[in-house]
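Everything quoted here is computed from the prediction, not taken from an experiment. In the text below, chain A, chain B and the rest are named by the order of the sequence lines, each starting its count at 1.
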Protein chains: 2
Amino acid sequence: MPGTDLDATFAALADPTRRAILARLAAGEATVTELAAPFAMSQPAVSKHLRVLERAGLVSRGRDGQRRPCRLEARPLRDATAWLADYRDYWAESYQRLDALLDELRAAGDAGGSR
Amino acid sequence: MPGTDLDATFAALADPTRRAILARLAAGEATVTELAAPFAMSQPAVSKHLRVLERAGLVSRGRDGQRRPCRLEARPLRDATAWLADYRDYWAESYQRLDALLDELRAAGDAGGSR
DNA sequence: TGGTTATAGAACCAGGAGGTTATAAATGCC
DNA sequence: GGCATTTATAACCTCCTGGTTCTATAACCA
(Lines give C-alpha, C1' and ligand atoms only; values in the text may rest on other atoms or scores of the structure.)
Protein backbone atom coordinates (compact mmCIF):
# COMPACT_ATOMS: atom_id res chain seq x y z
CA MET A 1 0.00 0.00 0.00
CA PRO A 2 2.84 2.47 0.54
CA GLY A 3 5.47 3.53 -1.82
CA THR A 4 4.54 3.09 -5.46
CA ASP A 5 6.20 6.46 -5.93
CA LEU A 6 9.26 5.26 -4.07
CA ASP A 7 9.29 2.23 -6.35
CA ALA A 8 9.68 4.46 -9.39
CA THR A 9 12.14 6.79 -7.70
CA PHE A 10 14.52 4.11 -6.44
CA ALA A 11 14.22 2.16 -9.69
CA ALA A 12 15.15 5.30 -11.62
CA LEU A 13 18.14 5.88 -9.34
CA ALA A 14 19.35 2.31 -9.77
CA ASP A 15 20.90 3.02 -13.16
CA PRO A 16 24.30 4.76 -13.36
CA THR A 17 23.44 6.48 -16.64
CA ARG A 18 20.37 8.01 -15.06
CA ARG A 19 22.27 9.08 -11.95
CA ALA A 20 24.85 10.73 -14.22
CA ILE A 21 22.05 12.51 -16.05
CA LEU A 22 20.68 13.79 -12.77
CA ALA A 23 24.13 14.91 -11.70
CA ARG A 24 24.48 16.79 -14.96
CA LEU A 25 21.06 18.38 -14.52
CA ALA A 26 21.95 19.53 -11.02
CA ALA A 27 24.31 21.94 -12.79
CA GLY A 28 21.43 23.37 -14.83
CA GLU A 29 19.02 22.64 -17.66
CA ALA A 30 20.23 20.68 -20.66
CA THR A 31 18.89 19.39 -23.95
CA VAL A 32 18.65 15.74 -24.91
CA THR A 33 21.66 15.87 -27.24
CA GLU A 34 23.72 17.65 -24.61
CA LEU A 35 22.79 14.97 -22.12
CA ALA A 36 23.47 12.19 -24.61
CA ALA A 37 26.91 13.47 -25.64
CA PRO A 38 29.03 11.97 -22.82
CA PHE A 39 27.53 8.49 -23.15
CA ALA A 40 28.59 5.70 -25.47
CA MET A 41 25.05 4.89 -26.42
CA SER A 42 22.50 5.93 -29.00
CA GLN A 43 20.21 8.95 -28.68
CA PRO A 44 17.04 6.84 -28.40
CA ALA A 45 18.60 5.02 -25.46
CA VAL A 46 19.10 8.33 -23.68
CA SER A 47 15.56 9.39 -24.56
CA LYS A 48 14.35 6.18 -22.93
CA HIS A 49 16.30 6.96 -19.79
CA LEU A 50 14.80 10.43 -19.79
CA ARG A 51 11.33 8.97 -20.09
CA VAL A 52 12.02 6.81 -17.04
CA LEU A 53 13.25 9.84 -15.11
CA GLU A 54 10.26 11.86 -16.27
CA ARG A 55 7.75 9.17 -15.26
CA ALA A 56 9.43 9.04 -11.85
CA GLY A 57 8.94 12.81 -11.58
CA LEU A 58 12.68 13.39 -11.30
CA VAL A 59 12.88 15.40 -14.50
CA SER A 60 10.51 17.80 -16.21
CA ARG A 61 10.83 19.19 -19.70
CA GLY A 62 10.02 22.43 -21.42
CA ARG A 63 9.81 23.30 -25.08
CA ASP A 64 12.22 25.64 -26.84
CA GLY A 65 11.79 25.30 -30.57
CA GLN A 66 12.82 21.80 -31.47
CA ARG A 67 14.70 21.41 -28.18
CA ARG A 68 13.12 19.79 -25.19
CA PRO A 69 15.20 21.14 -22.33
CA CYS A 70 15.25 18.94 -19.21
CA ARG A 71 15.48 20.15 -15.67
CA LEU A 72 15.86 18.37 -12.37
CA GLU A 73 12.85 18.05 -10.09
CA ALA A 74 13.95 17.61 -6.51
CA ARG A 75 10.74 16.50 -4.83
CA PRO A 76 11.10 12.71 -5.38
CA LEU A 77 14.70 12.93 -4.19
CA ARG A 78 13.42 14.54 -1.04
CA ASP A 79 10.84 11.81 -0.58
CA ALA A 80 13.48 9.12 -1.05
CA THR A 81 15.75 10.86 1.42
CA ALA A 82 12.87 11.13 3.87
CA TRP A 83 12.30 7.38 3.61
CA LEU A 84 15.98 6.68 4.25
CA ALA A 85 15.98 9.16 7.10
CA ASP A 86 13.58 6.90 8.99
CA TYR A 87 16.55 4.59 9.40
CA ARG A 88 18.76 7.28 10.85
CA ASP A 89 17.44 6.47 14.30
CA TYR A 90 18.30 2.85 13.74
CA TRP A 91 21.81 3.76 12.63
CA ALA A 92 22.25 6.01 15.59
CA GLU A 93 20.91 3.29 17.86
CA SER A 94 23.23 0.76 16.25
CA TYR A 95 26.26 2.92 16.71
CA GLN A 96 25.16 3.67 20.22
CA ARG A 97 24.90 -0.05 20.88
CA LEU A 98 28.31 -0.52 19.29
CA ASP A 99 29.74 2.25 21.42
CA ALA A 100 28.16 0.72 24.52
CA LEU A 101 29.55 -2.69 23.60
CA LEU A 102 33.01 -1.26 23.05
CA ASP A 103 32.77 0.52 26.38
CA GLU A 104 31.80 -2.75 28.08
CA LEU A 105 34.63 -4.62 26.42
CA ARG A 106 37.10 -1.89 27.31
CA ALA A 107 35.88 -1.81 30.90
CA ALA A 108 36.02 -5.61 31.14
CA GLY A 109 39.48 -5.55 29.61
CA ASP A 110 40.73 -2.96 32.09
CA ALA A 111 39.15 -4.76 35.06
CA GLY A 112 39.90 -8.41 34.17
CA GLY A 113 43.21 -7.59 32.61
CA SER A 114 42.71 -10.29 29.97
CA ARG A 115 45.00 -9.68 26.98
CA MET B 1 33.49 3.92 -12.74
CA PRO B 2 31.05 5.27 -10.20
CA GLY B 3 28.34 3.60 -8.35
CA THR B 4 28.08 -0.14 -8.96
CA ASP B 5 27.33 -0.40 -5.24
CA LEU B 6 24.70 2.28 -5.52
CA ASP B 7 23.22 0.34 -8.42
CA ALA B 8 22.61 -2.65 -6.19
CA THR B 9 21.44 -0.56 -3.25
CA PHE B 10 18.89 1.50 -5.14
CA ALA B 11 17.72 -1.54 -7.12
CA ALA B 12 17.17 -3.39 -3.85
CA LEU B 13 15.22 -0.45 -2.44
CA ALA B 14 13.02 -0.24 -5.54
CA ASP B 15 10.83 -3.15 -4.42
CA PRO B 16 8.11 -2.58 -1.79
CA THR B 17 8.45 -6.10 -0.40
CA ARG B 18 12.14 -5.53 0.22
CA ARG B 19 11.54 -2.12 1.78
CA ALA B 20 8.98 -3.74 4.08
CA ILE B 21 11.51 -6.41 5.01
CA LEU B 22 14.05 -3.72 5.86
CA ALA B 23 11.45 -1.86 7.91
CA ARG B 24 10.74 -5.07 9.80
CA LEU B 25 14.43 -5.68 10.38
CA ALA B 26 14.89 -2.19 11.75
CA ALA B 27 12.86 -3.48 14.71
CA GLY B 28 15.34 -6.31 15.26
CA GLU B 29 16.60 -9.61 13.89
CA ALA B 30 14.13 -12.01 12.31
CA THR B 31 14.13 -15.43 10.67
CA VAL B 32 13.10 -16.11 7.10
CA THR B 33 9.72 -17.57 8.06
CA GLU B 34 9.03 -14.65 10.36
CA LEU B 35 9.84 -12.26 7.55
CA ALA B 36 7.76 -14.23 5.06
CA ALA B 37 4.67 -14.43 7.25
CA PRO B 38 3.08 -11.03 6.44
CA PHE B 39 3.42 -11.44 2.68
CA ALA B 40 1.03 -13.13 0.29
CA MET B 41 3.82 -14.94 -1.49
CA SER B 42 5.73 -18.17 -1.23
CA GLN B 43 8.74 -18.73 1.00
CA PRO B 44 11.17 -19.11 -1.93
CA ALA B 45 10.06 -15.72 -3.21
CA VAL B 46 11.00 -14.17 0.12
CA SER B 47 14.30 -16.04 0.11
CA LYS B 48 15.01 -14.51 -3.29
CA HIS B 49 14.30 -11.05 -1.95
CA LEU B 50 16.62 -11.74 0.95
CA ARG B 51 19.34 -12.83 -1.43
CA VAL B 52 18.96 -9.54 -3.30
CA LEU B 53 19.18 -7.62 -0.04
CA GLU B 54 22.16 -9.67 1.06
CA ARG B 55 24.03 -9.16 -2.22
CA ALA B 56 23.38 -5.43 -1.85
CA GLY B 57 24.92 -5.61 1.62
CA LEU B 58 21.71 -4.39 3.24
CA VAL B 59 21.19 -7.58 5.20
CA SER B 60 23.55 -10.03 6.85
CA ARG B 61 22.68 -13.41 8.23
CA GLY B 62 23.82 -15.53 11.11
CA ARG B 63 23.29 -19.18 11.85
CA ASP B 64 21.19 -20.44 14.74
CA GLY B 65 20.50 -24.12 14.23
CA GLN B 66 18.36 -24.41 11.16
CA ARG B 67 17.39 -20.75 11.37
CA ARG B 68 19.23 -18.13 9.40
CA PRO B 69 18.44 -14.95 11.30
CA CYS B 70 18.65 -11.76 9.26
CA ARG B 71 19.74 -8.39 10.50
CA LEU B 72 19.82 -4.98 8.92
CA GLU B 73 23.13 -3.56 7.76
CA ALA B 74 23.00 0.20 7.67
CA ARG B 75 26.11 1.05 5.72
CA PRO B 76 24.64 0.93 2.18
CA LEU B 77 21.71 3.00 3.38
CA ARG B 78 24.17 5.56 4.60
CA ASP B 79 25.97 5.54 1.26
CA ALA B 80 22.68 6.00 -0.60
CA THR B 81 21.74 8.83 1.71
CA ALA B 82 25.14 10.38 1.17
CA TRP B 83 24.59 10.30 -2.59
CA LEU B 84 21.20 11.93 -2.25
CA ALA B 85 22.65 14.48 0.14
CA ASP B 86 24.77 15.84 -2.69
CA TYR B 87 21.53 17.22 -4.09
CA ARG B 88 20.60 19.00 -0.88
CA ASP B 89 22.47 22.07 -2.03
CA TYR B 90 20.53 22.00 -5.26
CA TRP B 91 17.25 21.70 -3.38
CA ALA B 92 18.21 24.53 -1.09
CA GLU B 93 19.12 26.60 -4.11
CA SER B 94 15.83 25.71 -5.75
CA TYR B 95 13.82 26.66 -2.72
CA GLN B 96 15.86 29.81 -2.41
CA ARG B 97 14.97 30.61 -5.99
CA LEU B 98 11.35 29.78 -5.23
CA ASP B 99 11.42 31.97 -2.16
CA ALA B 100 12.94 34.79 -4.18
CA LEU B 101 10.26 34.36 -6.83
CA LEU B 102 7.52 34.39 -4.25
CA ASP B 103 9.02 37.50 -2.72
CA GLU B 104 9.05 39.18 -6.12
CA LEU B 105 5.46 38.19 -6.78
CA ARG B 106 4.37 39.34 -3.37
CA ALA B 107 6.18 42.64 -3.77
CA ALA B 108 4.67 43.12 -7.23
CA GLY B 109 1.25 42.19 -5.86
CA ASP B 110 1.50 44.64 -2.98
CA ALA B 111 2.72 47.40 -5.28
CA GLY B 112 0.37 46.81 -8.21
CA GLY B 113 -2.53 45.84 -6.01
CA SER B 114 -3.55 43.00 -8.33
CA ARG B 115 -5.93 40.60 -6.57
C1' DT C 1 10.34 24.59 -51.06
C1' DG C 2 14.00 21.52 -49.68
C1' DG C 3 17.54 20.16 -46.38
C1' DT C 4 19.26 19.80 -41.78
C1' DT C 5 18.87 19.34 -36.86
C1' DA C 6 16.51 17.68 -32.62
C1' DT C 7 13.72 14.42 -30.63
C1' DA C 8 10.36 10.69 -30.38
C1' DG C 9 8.49 6.26 -31.80
C1' DA C 10 8.32 1.38 -33.44
C1' DA C 11 10.09 -3.07 -33.86
C1' DC C 12 13.20 -6.11 -32.26
C1' DC C 13 16.44 -8.74 -29.12
C1' DA C 14 19.00 -10.60 -24.98
C1' DG C 15 18.95 -10.88 -20.32
C1' DG C 16 17.27 -10.19 -15.73
C1' DA C 17 13.45 -9.73 -12.14
C1' DG C 18 9.82 -11.56 -9.67
C1' DG C 19 6.84 -15.02 -9.14
C1' DT C 20 5.41 -20.09 -9.07
C1' DT C 21 5.86 -25.39 -7.68
C1' DA C 22 8.48 -29.19 -6.47
C1' DT C 23 12.51 -30.91 -4.29
C1' DA C 24 16.74 -31.16 -1.65
C1' DA C 25 19.66 -30.32 2.41
C1' DA C 26 20.49 -29.40 7.14
C1' DT C 27 19.15 -29.28 11.75
C1' DG C 28 16.15 -30.37 15.95
C1' DC C 29 13.11 -33.65 18.34
C1' DC C 30 11.76 -38.22 20.03
C1' DG D 1 17.05 -43.96 13.07
C1' DG D 2 12.79 -41.54 11.58
C1' DC D 3 10.11 -37.41 11.16
C1' DA D 4 9.15 -32.51 11.19
C1' DT D 5 10.88 -27.83 10.49
C1' DT D 6 13.59 -24.35 8.29
C1' DT D 7 15.78 -22.75 4.43
C1' DA D 8 17.86 -23.03 -0.13
C1' DT D 9 17.95 -24.74 -5.01
C1' DA D 10 16.18 -25.91 -9.52
C1' DA D 11 13.32 -25.44 -13.35
C1' DC D 12 10.06 -22.86 -15.37
C1' DC D 13 7.10 -18.78 -16.89
C1' DT D 14 6.02 -13.97 -17.91
C1' DC D 15 7.04 -9.35 -18.10
C1' DC D 16 10.17 -5.46 -17.89
C1' DT D 17 14.66 -3.23 -18.93
C1' DG D 18 18.23 -1.53 -21.58
C1' DG D 19 20.07 -1.55 -25.63
C1' DT D 20 19.96 -1.58 -30.87
C1' DT D 21 18.46 0.30 -35.80
C1' DC D 22 15.41 2.45 -38.68
C1' DT D 23 11.95 5.80 -39.37
C1' DA D 24 8.74 9.62 -38.44
C1' DT D 25 7.68 14.20 -36.69
C1' DA D 26 8.66 18.90 -35.90
C1' DA D 27 11.10 23.02 -36.04
C1' DC D 28 14.77 25.86 -37.96
C1' DC D 29 17.55 27.58 -42.13
C1' DA D 30 18.12 29.37 -46.82
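At C:dG19, none of the side-chain N or O atoms of B:Ser42 fall inside 4.0 Å of OP1 or OP2 (strictly under the cut-off). Within the 4.0 Å cut-off from OP1 or OP2 of C:dA26, not a single side-chain nitrogen or oxygen of B:Arg67 is found. Of the side-chain N and O atoms in A:Arg18, one or more sit less than 4.0 angstrom from OP1 or OP2 of D:dG18. Under 4.0 angstrom from either OP1 or OP2 of C:dG16 there lies no side-chain N or O belonging to B:Arg55. Using a 4.0 Å cut-off, some side-chain N or O of A:Arg61 falls inside it from OP1 or OP2 of C:dA8.
Rounded to whole Å, the distance from CZ on A:Phe10 to P on C:dA17 is 18 Å. Rounded to whole Å, atom P of C:dA17 lies 12 Å from atom CG of B:Asp7. In this structure, the CD atom of B:Glu34 is 10 Å from the P atom of D:dT6, given to the nearest Å. Atom CZ of B:Arg68 is separated from atom P of C:dA26 by 12 Å (rounded to the nearest Å). Between the CG atom of B:Leu53 and the C1' atom of C:dG18 there is a distance of 13 Å, given to the nearest Å. Between the CZ atom of A:Arg63 and the C1' atom of C:dT7 there is a distance of 9 Å, given to the nearest Å. Distance, A:Arg51 CZ to D:dT17 C1': 11 Å, rounded to whole Å. Taking atom NE2 of residue B:His49 and atom C1' of nucleotide C:dA17, one finds them 9 Å apart after rounding to whole Å.
Out of D:dA10, D:dA27, C:dG28, the shortest distance to the side chain of B:Gln66 is found at C:dG28. Picking from C:dT27, C:dA22, D:dT20 the nucleotide with the shortest atom distance to the side chain of B:Pro44 gives C:dA22. Closest to the B:Ser47 side chain, of the nucleotides D:dG18, D:dA8, C:dT21, is D:dA8. Of the candidates D:dG18, C:dT7, D:dG19, the closest approach to any side-chain atom of A:Met41 belongs to D:dG19. When distances run from any side-chain atom of A:Thr17 to the nucleotides D:dG19, C:dG19, D:dT20, the shortest one goes to D:dG19. Of the candidate nucleotides D:dT7, C:dG18, C:dA6, D:dT7 has the atom nearest to the side chain of B:Thr31. Nearest to the side chain of A:Ala45, among D:dG19, C:dA26, C:dT5, sits D:dG19. Ranking D:dT7, C:dG18, C:dA10 by closeness to the B:Lys48 side chain, first place goes to C:dG18.
The shortest distance between side-chain heavy atoms of B:Tyr87 and A:Leu22 falls below 4.5 Å.
Checking each of A:Leu35, A:Leu58, A:Thr31 against A:Cys70 for a side chain to side chain contact (heavy atoms under 4.5 Å, CB included) leaves exactly one that passes, namely A:Leu35.
A:Phe10 and B:Phe10 have parallel rings, their planes meeting at less than 30° on a 0 to 90° scale where 60° marks the start of perpendicular.
Residues A:Leu6 and B:Leu13 share a single hydrophobic cluster, defined by chaining ILVMFWY side chains whose heavy atoms lie under 4.5 Å apart. Residues B:Leu72 and A:Trp83 share a hydrophobic cluster, clusters being chains of Ile/Leu/Val/Met/Phe/Trp/Tyr side chains in contact below 4.5 Å.
No hydrogens or angles were tested; on distance alone, a donor-acceptor pair under 3.5 Å links the side chain of A:Gln43 to the base of C:dA8.
Within the 3.5 Å criterion, the main-chain N or O of A:Pro69 finds no donor-acceptor partner in the side chain of A:Arg61.
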